[in-house]
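Here the structure comes first, spelled out in C-alpha cells, and everything after it is commentary.
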Amino acid sequence: MHGIPVLFSLIVAASASKALRYTVPSSFKAAANNCTLPAEFVVANFTTYTDKKEGSPGTVSFQFSDPDTKIQTTCQHNSTSTGSGPSKNRYACDNVKIAFVYQTTGIAGLTVAERACSSGTGTQFEASGLVVPDLDCTDTSTGTLCHAKEKSIPGDFESFQPVPPGVPTRRDQKNWRG
Ligand SMILES: *[C@@H]1O[C@H](CO)[C@@H](O)[C@H](O)[C@H]1NC(C)=O
Ligand SMILES: *[C@@H]1O[C@H](CO)[C@@H](O)[C@H](O)[C@H]1NC(C)=O
Ligand SMILES: *[C@@H]1O[C@H](CO)[C@@H](O)[C@H](O)[C@H]1NC(C)=O
C-alpha cells in the first residue's frame with residue numbers, strides 16, 4: 001500500500017490551478033479573463049525583531065512567492081521604512097505588486113496582498129490572505145528576535161478588493177515603496 005500516498009500527492013501536485021477562495025466582481029471579469037489571478041502564496045523565512053524600546057516589531061522580513069503568477073520577492077520593513085494605507089502599517093515588497101501588514105493585535109498575523117492583473121486605467125484590485133506564523137523567539141540584550149518555526153508557510157488568498165485608498169498607484173511607485 002506504500003505507493004498510494006505517493007501517487008495521490010503526484011495527482012494533487014499536477015492538478016490545474018486550484019479554485020479561488022474569493023469572488024471576482026463582475027466589473028473585473030473581462031480583465032481577469034486574460035491573466036492569472038492570485039490563488040495561493042508561500043511565505044518563507046519569516047523573521048521579526050522588536051527593539052526593547054518599541055512595542056511592535058520594528059523589523060519584519062520574509063520571502064514571498066506565488067506559484068501561479070510566478071512572483072517571487074523579498075518583503076521587509078525596518079526603521080527606515082514608511083508605512084502606507086489607512087493605518088500607515090502597510091509596506092510594499094521589493095516587487096511593488098506585493099504589500100504586507102504584520103500585526104500582533106487586531107487581525108493578528110501577516111496579511112499579504114497581491115495586485116491582480118494590471119487592469120490599466122480602471123480600479124486596481126488586489127487579493128489578500130492571512131497567515132499566522134508560529135514564532136520561536138530569543139531575547140537579546142537589545143530586543144527580541146523571532147523566527148517562524150516553519151521555514152515555509154502556505155497561505156490562500158481569501159478576499160479580493162480594490163487597493164485601499166492612500167496607497168499610491170503604479171504611477172507614483174516611488175511613494176508607494178515608502
Ligand atoms: C487579452 O489579451 C489579448 C492579447 O494580448 C488582447 O488583444 C485583448 O485585448 C485582451 N483582452 C482583455 C479583455 O484585456
Ligand atoms: C530561506 O533562508 C535560507 C537560509 O538563509 C535560504 O537558503 C533560502 O533560500 C531562503 N528561502 C527563500 C524562499 O528565499
Ligand atoms: C530596510 O527596508 C528597506 C525596504 O523597506 C530595504 O530596502 C532596506 O535595505 C532595509 N535596510 C536594512 C538596513 O536592512
Side-chain angles (χ1 to χ4, degrees), residues 9 12-13 17-18 20-22 36-116 124-168 173-178:
S9 62
V12 170
S17 75
K18 62 190 237 175
L20 296 176
R21 307 268 299 258
Y22 53 83
T36 305
L37 286 165
E40 55 188 336
F41 59 91
V42 178
V43 166
N45 293 338
F46 182 83
T47 305
T48 68
Y49 178 75
T50 308
D51 192 273
K52 282 230 165 83
K53 297 186 288 276
E54 302 161 334
S56 58
T59 303
V60 172
S61 74
F62 59 96
Q63 277 94 39
F64 169 95
S65 60
D66 178 329
D68 301 312
T69 61
K70 315 282 187 232
I71 292 176
Q72 286 190 325
T73 188
T74 296
C75 299
Q76 85 163 294
H77 79 70
N78 54 45
S79 55
T80 65
S81 317
T82 313
S84 68
S87 306
K88 301 278 177 246
N89 60 354
R90 185 182 152 114
Y91 298 89
C93 298
D94 286 354
N95 179 327
V96 298
K97 287 186 97 176
I98 313 300
F100 69 100
V101 174
Y102 180 65
Q103 300 188 127
T104 52
T105 57
I107 304 168
L110 175 68
T111 301
V112 297
E114 178 174 340
R115 292 218 181 180
Q124 299 277 312
F125 281 86
E126 64 181 20
S128 63
L130 177 76
V131 290
V132 183
D134 186 11
L135 301 177
D136 230 347
C137 297
T138 315
D139 280 321
T140 69
S141 55
T142 53
T144 306
L145 181 65
C146 303
H147 295 283
K149 288 178 185 160
E150 280 181 283
K151 275 238 151 274
S152 165
I153 308 166
D156 290 315
F157 286 109
E158 288 179 322
S159 66
F160 192 79
Q161 61 281 313
V163 171
V167 174
Q173 242 177 38
K174 288 220 175 76
N175 295 342
W176 145 253
R177 274 282 324 242

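All heavy atoms count here, side chains included; hydrogens, waters and symmetry mates do not. The first residue in the sequence is number 1, and the count goes up from there. Note that this is a predicted model, so its numbers are computed, not measured.
Closest approach of A108 and L130 over heavy atoms only: O-CD1, 4.0 Å. Here the closest heavy-atom approach between residue V131 and residue P154 is recorded as CG1-O, 3.6 Å. Across P67 and F41, no two heavy atoms sit closer than the pair CD-CA, 4.3 Å.
Taken to the nearest 0.5 Å, the OG1 atom of T50 stands 10.0 Å off from the CG atom of D139. Atom OG1 of T104 is separated from atom CD1 of I107 by 13.0 Å, given to the nearest 0.5 angstrom. Distance check: T74 OG1 to I98 CD1 gives 11.5 Å after rounding to the nearest 0.5 Å. To the nearest 0.5 Å, atom CD of residue Q76 and atom OG1 of residue T80 are 8.0 Å apart. Put simply, OG1 on T144 and NZ on K52 are 7.0 Å apart, with the number rounded to the nearest 0.5 Å. In this structure, NE2 in H147 is found 10.0 Å from CG in L135, a value given to the nearest 0.5 Å.
Applying the side chain to side chain donor-acceptor pair (under 3.5 Å) test to residues at least two apart or on different chains, the pairs with a partner in residues 58-67 are N45-Q63, D66-T69.
No side-chain heavy atom of T111 sits under 4.5 Å from any side-chain heavy atom of F100. Between N89 and Q103 the shortest side-chain heavy-atom distance falls below 4.5 Å. Inter-residue side-chain proximity for F64 and D94 is flagged as unmet; no heavy-atom pair is nearer than 4.5 Å. In this structure, T47 and F62 have side chains that are not in contact, with every pair of non-hydrogen atoms separated by 4.5 Å or more.
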Stepwise, does the side chain to side chain donor-acceptor pair (under 3.5 Å) test hold for S159 with Q161?
CA-CA 7 Å; S159 66; Q161 61 281 313; 2.9 Å; yes
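Classification of E126 and R90 as a salt-bridged pair holds, one side-chain N sitting under 4.0 Å from a carboxylate O.
In terms of the side chain to side chain contact (heavy atoms under 4.5 Å, CB included) criterion, residue partners of E158 (sequence neighbours excluded) are, by chain and number, R21, D156. In this view, A127 and Y22, P38, F157, F160 satisfy the side chain to side chain contact (heavy atoms under 4.5 Å, CB included) rule, not counting sequence neighbours.
Between Y91 and H77, the two ring planes are parallel [angle under 30°; tilted spans 30° to 60°].
Checking side-chain atoms of T73 against main-chain N and O of N95 turns up a donor-acceptor pair under 3.5 Å.
A ring-centre distance under 6.0 Å is found for Y102 and F46.
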